[in-house]
Structures are given as structure tokens and as C-alpha cells.
Number of protein chains: 2
Amino acid sequence: MSRTTACRTEGVEEREVCVMLDVLGRVSGKWSLGVLSETTRGPVRFAALERALPGISRRILTLTLRDLEANGLLTRTVYPTVPPKVEYTATEQARELYAQLTGLTAWAARHPAAPARPDHARPDAGRHPA
Amino acid sequence: MSRTTACRTEGVEEREVCVMLDVLGRVSGKWSLGVLSETTRGPVRFAALERALPGISRRILTLTLRDLEANGLLTRTVYPTVPPKVEYTATEQARELYAQLTGLTAWAARHPAAPARPDHARPDAGRHPA
DNA sequence: CAGGATCCGCCACGATACTG
DNA sequence: CAGTATCGTGGCGGATCCTG
């Protein structure tokens, strides 16, 4: 995650693209959005996240959390109890970012599906499944 | 590009996350956004794209174009002239998507920069530059 | 409970050379 | 001009074992 978007597209006013790439890079992790989704609703414990994200490994979860925290998208709270307890919460910034990204679902809704393979089969006629 | 977002987060209403992941996956290529940025302003030729995106290789450019086309974000027009001529143009869908993504720059503007390494240095005070 | 350490496989991306 | 073919690489993600 957090790709170090060097961004060389200095040709035009693509400076905009660089910013977008940078922002997206901060949530580019395979599970980043899932973690944000869970933590935007309030503090969540490590184990809870693990359960909420079936298939994620402890290592990746840790890395994802650290990464998001480093980008100011997550706050990490440690309770020095006997059995360790750590809670993660999305920051206000993260919630705003997530909300912005949520707009993508609206776009997706307007555009049903991507044609699997237009290689040789041209979908010239606007024939949609639904 | 076009990560095959299996998306298993079926735990909650994370279905939303899956959609977002799917959409972002279609422009996850390192140069996808750059290509879209260039083609949203009108038809652009292969060589022109190559020049507009310093650092990209022919292979990757080709793959990126094919990928975007397969996702209905780009239209490819071939002119069977003696020296081959091919033009690429972003579809309406692509322009809408790009516009939506553009909103990220606004978010970025509101949140100056990500602390390089909050490992041990806590930026506890909300001291912002502007 | 919440990680850290290690090893490994896959895939996106890159460099180069050749072609219709 | 606009690709295709081949080879090589880095880094993300996964599996497993160990620890405060």
C-alpha cells in the first residue's frame, strides 16, 4: 500500500493527476477500504477487524493499519491491560475521504457492468443485459 | 491494472466496499489516470500519449489502453492509412468517472500533507500550515 | 490479544528488440 | 506509426511460526 507515486506527468496540468494518484495510493491496499469502512463507524479492535475481513492475514492487517495510521487516516489507541487491547478509529479526514470515494458507487450504478472482453466482439449496439 | 477484486468482505453491508474496489480496480494502473486525463479532452494518438506520459513504455501504454477500452472507458479508432493512425478518446462514462475522482483533489487540498512518519513523533496539536 | 519475523509466490511494470 | 514478443524485476500480499 501507499505507493510512492513519483508521478512524472509534468507535461500538462496533469499535476491534478499526481494528486489523485497520491490520494488513491494511500488507500491502494487490498484491504484498506475494508478497514476504513469498518472503522468509520467507531472504534474497532484488532480481532474484530480480523473477523470482519475474512481472508486477511494478521500481517497484512497490521501493515494496513500501520499504513493508514501513518497517513493520518486512522487513530490507534492502546490500552495497557493484561490482555492487550487496541482500538482503531477512522479519523475525520478518513471519513471525508471515504465519503468522497462512496460517490463511486453512484457512478457504478449508472454504468451496470463492464463488458468482459470486447477484444473481437464489439458491443456497438447499446445492448445492455438488464 | 483491473485487479480481479474477488472481494470477500461479505460480513456486513461492505458490499459497498466491493463496488468501490471494483471501480477503482479499473483505473488502478499506474498510468490509467494519466491516459484518461489526456483523452478526456478529445482524440489523442498513440504517439501523442507516449509523449504526454514521460516514462511509460510502449508495452504498458498498449496494455493500459486495451484495459481501459475493455472496461468501456476508452474508444479506439483505427484509420487504415499507410502510416497507421489510431486515436483514443475517453467515453462519456470515463469522463464522469474522472470527474468523480477529481473530487479527491479537493479532499487533498483540505488535508495539506500526510506526516512522513508518525512512528514516534506525534503531531498531537492540530497545527496546520495554512 | 495483538503483533513481529521469515519465507515465498504472483503479478504489475519496465527494458529491449522486432514487425505490419 | 503503432503495436507485439520476450525476459527480467520489485513489491504486495499470503502462510506459518514465534512472542510480550
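These numbers were taken from a predicted model, which means no experiment stands behind them. In what follows, chains carry the letters A, B, and so on, assigned in the order in which the sequence lines appear, proteins first and then strands, with residues in each chain numbered from 1.
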Legend entry - A:Ile56 CD1 to C:dG3 C1', straight-line distance once rounded to whole Å: 13 Å
Legend entry - Stepwise side chain to side chain contact (heavy atoms under 4.5 Å, CB included) test for B:Thr64 and B:Asp67: CA-CA 5 Å; B:Thr64 302; B:Asp67 183 63; 5.6 Å; no
Inset, instruction - Consider the side chain of A:Trp31, meaning its heavy atoms from C-beta on, and name the nucleotide among C:dC13, D:dG3, D:dG13 that approaches it most closely. - result: D:dG13
Legend entry - Interatomic distance, A:Ser57 atom OG to A:Glu50 atom CD [nearest 0.5 angstrom]: 8.5 Å
Legend entry - Separation of atom CG in A:Asp67 from atom C1' in C:dG3, rounded to whole Å: 17 Å
Inset, instruction - Quick one: label A:Tyr88 by what it contacts on the DNA or RNA (base, sugar-phosphate, nothing), any heavy atom closer than 4.0 Å. - result: sugar-phosphate
Legend entry - Length of the CZ-C1' vector between A:Arg58 and D:dG20, whole Å: 15 Å
Inset, instruction - Starting at atom CZ of B:Phe46, determine the distance to atom P of C:dG20, rounded to an integer number of angstrom. - result: 17 Å
Inset, instruction - For B:Leu61 and C:dG14, give me the distance from atom CG to atom P, rounded to whole Å. - result: 11 Å
Legend entry - Selected nucleotide, minimal atom distance to A:Ser57 side chain, candidates C:dC13, D:dG14, D:dA2: D:dG14
Inset, instruction - Measure from the side-chain heavy atoms of A:Ile60 and tell me the nearest of C:dA2, C:dG3, D:dG13. - result: D:dG13
Inset, instruction - Treating Ile, Leu, Val, Met, Phe, Trp and Tyr as nodes and any side-chain heavy-atom pair under 4.5 angstrom as an edge, say whether B:Leu73 and B:Val78 lie in one connected cluster. - result: yes
Legend entry - Spacing of A:Phe46 atom CZ and A:Arg58 atom CZ [to the nearest 0.5 Å]: 7.0 Å
Inset, instruction - State, with a plain yes or no, whether a side-chain heavy atom of A:Arg110 is found less than 4.5 Å away from one of B:Gln93. - result: no
Inset, instruction - Quick one: closest heavy-atom pair of A:Gly103 and B:Gln100, and the distance? - result: CA-NE2, 3.4 Å
Legend entry - Nearest listed nucleotide, side chain of B:Lys30, among C:dG3, D:dA2, C:dG14: C:dG14
Inset, instruction - On DNA chain D, check which nucleotide each of A:Val82 and A:Leu63 is closest to and give me the residue with the more 5' one. - result: A:Leu63
Legend entry - Nearest to side-chain heavy atoms of B:Ala47, which nucleotide of C:dA2, D:dA2, D:dT4: D:dA2
Inset, instruction - Starting at atom CG of A:Leu33, determine the distance to atom P of D:dG13, rounded to an integer number of angstrom. - result: 12 Å
Inset, instruction - Could you check whether B:Thr62 gets within reach of a base, just the sugar-phosphate, or nothing at all, counting any heavy atom under 4.0 Å? - result: base
Legend entry - Toward the 5' end of DNA chain D, by each residue's nearest nucleotide, A:Pro84 or A:Thr64: A:Thr64
Inset, instruction - Indicate the atoms forming the closest heavy-atom contact of B:Trp107 with A:Leu97, along with that distance. - result: NE1-N, 3.4 Å
Inset, instruction - Taking only the side-chain nitrogens and oxygens of B:Arg51, find out if one of them lies under 4.0 Å from OP1 or OP2 of D:dC1. - result: no
Inset, instruction - Kindly calculate the angle separating the two end axes of the helix from C:dC1-D:dG20 to C:dG20-D:dC1, each obtained from five base pairs, and round it to 10 degrees. - result: 50°
Inset, instruction - Report the distance from atom CG of A:Leu68 to atom C1' of D:dC12, rounded to the nearest whole Å. - result: 15 Å
Legend entry - From A:Arg51 atom CZ to A:Ile56 atom CD1, the distance as rounded to the nearest 0.5 Å: 13.5 Å
Inset, instruction - Please check the phosphate of D:dG3 (OP1 and OP2 only) for any side-chain N or O of B:Arg66 closer than 4.0 Å. - result: yes
Legend entry - Selection from C:dA5, C:dC1, D:dA2 that lies nearest to any side-chain heavy atom of A:Arg59: C:dA5
Inset, instruction - Round to a whole Å and report the spacing from CD of A:Glu87 to P of C:dG3. - result: 12 Å
